[in-house]
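See below for the structure under consideration.
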There are 2 protein chains.
Amino acid sequence: MGASKSESFSVEQNEMATLFKALSHPARIAIVDYLLTVDSCICGDIVNELPLAQPTISQHLKELKNANIIKGTIEGTAICYCINPDTIDKIENHFGMIRHKLKNKCC
Amino acid sequence: MGASKSESFSVEQNEMATLFKALSHPARIAIVDYLLTVDSCICGDIVNELPLAQPTISQHLKELKNANIIKGTIEGTAICYCINPDTIDKIENHFGMIRHKLKNKCC
DNA sequence: TTATTATATTGCAATATTACGATAAACAAA
DNA sequence: TTTGTTTATCGTAATATTGCAATATAATAA
């Protein structure tokens with residue numbers, strides 16, 4: 001096959017998998033890292049920071065946007081990107097739940 | 001292409017991407033969820049819990065093991081699986097770092 | 001020994017992802 | 001208008017992932 005049987009799993013399981021998939025590529029981790037290295041949102045210049053061609057980065061940015069991990073707003077000629085803290089919260093909460101459930105377990 | 005240019009990114013960026021990739025499929029999220037629903041480690045019966053064939057689940061378990069998200073120890077005929085709390089820590093720390101850096105930002 | 005049970009591996013088809021050149025679209029500046 | 005700058009999309013080749021039937025392996029039970 002190749003297609004994942006997403007209809008067999010819960011909405012939340014699919015949601016979390018989608019979030020993690022968006023973070024499952026080193027280029028996208030690097031984009032998030034870069035967005036965190038500066039004190040403000042980044043307008044432009046992401047392309048110059050990574051060793052990938054502009055269409056490739058545009059594609060990775062699109063995936064991060066689709067997963068709501070970053071937000072992009074048009075700022076004149078450039079587009080201003082920043083991390084979406086709500087999505088970070090969502091992921092942190094997921095691991096908080098895991099941590100909580102692990103407390104009652106043998107390992 | 002299709003192959004990710006992992007050599008262009010840092011070891012830590014690749015490590016985090018590998019962890020997230022292991023969690024990027026709803027079946028693997030469901031396996032982690034299931035391992036958390038019981039008070040002890042699970043020996044056997046994972047196959048009966050998910051709507052996938054045994055070889056498929058075995059493959060997903062292997063990926064979770066390779067990423068150190070779960071540990072498996074042989075327990076007689078069956079294999080006993082449980083979450084690896086060290087890896088959960090690692091991911092939580094990553095988001096702790098993100099959260100910390102976000103504090104100084106505009107969004 | 002021969003089942004039986006549980007898990008892993010192999011092989012392969014269907015599908016998805018990654019990367020980038022070429023090109024398009026949007027917009028500001030000249 | 002034309003030119004330059006920035007980002008997005010298209011098209012496509014290379015590679016990776018997903019799922020499962022068939023089979024193999026490993027350990028226990030009879």
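So you know, we letter chains A, B, ... as the sequences are listed, proteins then strands, and number each from 1.
- Using a 4.0 Å cutoff on non-hydrogen atoms, the parts of residues 9-25 of chain B near DNA chain D are B:K21, B:H25, ordered by number.
- Regarding A:L50, its CG atom lies at a distance of 16 Å from the P atom of D:dT6, rounded to whole Å.
- In this structure, the nucleotide among D:dC20, D:dT9, D:dT18 sitting nearest to the side chain of B:L52 is D:dC20.
- At whole-Å resolution of the value, CD1 in A:I57 and P in C:dG21 are 12 Å apart.
- Taking both residues in full, the closest heavy atoms of A:A22 and A:I69 are given as CB-CD1, 3.6 Å, listed atom of the first, atom of the second, then distance.
- Note on A:H60: every side-chain N or O is 4.0 Å or more away from OP1 and OP2 of C:dT17.
- Centroid-to-centroid, the aromatic rings of A:F9 and B:Y34 stay 6.0 Å apart or farther.
- A close approach under 4.0 Å does not occur between any side-chain nitrogen or oxygen of B:K62 and OP1 or OP2 of C:dT7.
- Side-chain N/O atoms of A:Q54 and base N/O atoms of D:dA8 include a donor-acceptor pair closer than 3.5 Å.
- Looking at residues two or more places apart in sequence or on another chain, you find a side-chain contact (heavy atoms from CB on, under 4.5 Å) between B:S58 and B:Q54.
- Partners of A:T56 under the side-chain contact (heavy atoms from CB on, under 4.5 Å) rule, at least two apart in sequence or in another chain, are A:L52, A:A53, A:H60.
- The nearest whole Å value for the distance from the CD1 atom in B:I46 to the C1' atom in C:dT7 is 11 Å.
- With sequence neighbours excluded, no residue satisfies side chain to side chain donor-acceptor pair (under 3.5 Å) with B:N14.
- Taking 4.0 angstrom as the limit, B:K65 places a side-chain polar atom (N or O) nearer than this to OP1 or OP2 of C:dA8.
- Taking every side-chain heavy atom of B:R28 into account, D:dT18 is the closest of D:dT18, D:dT9, C:dT9.
- Toward the 5' end of DNA chain D, the nearer of the two residues A:Q59 and B:E63, judged by each one's closest nucleotide, is A:Q59.
- Among the nucleotides C:dA22, C:dT7, D:dT18, the one closest to the side chain of A:P55 is C:dA22.
- Computed from coordinates, the B:L61 CG to C:dA6 P distance equals 15 Å when rounded to whole Å.
- Put simply, CG on A:L64 is 14 Å from C1' on C:dT17, counting in whole angstrom units.
- At whole-Å resolution of the value, CG in B:N48 and P in C:dT5 are 13 Å apart.
- In terms of phosphate contacts, B:T56 brings a side-chain nitrogen or oxygen within less than 4.0 Å of OP1 or OP2 of D:dC20.
- Listed by first and then second residue, the salt bridge (charged side-chain N to carboxylate O under 4.0 Å, His left out) pairs that reach into residues 48-67 of chain B are B:R28-B:E63, sequence neighbours excluded.
- Contacts of B:N66 classified as side chain to side chain donor-acceptor pair (under 3.5 Å), with partners at least two apart in sequence or in another chain: none.
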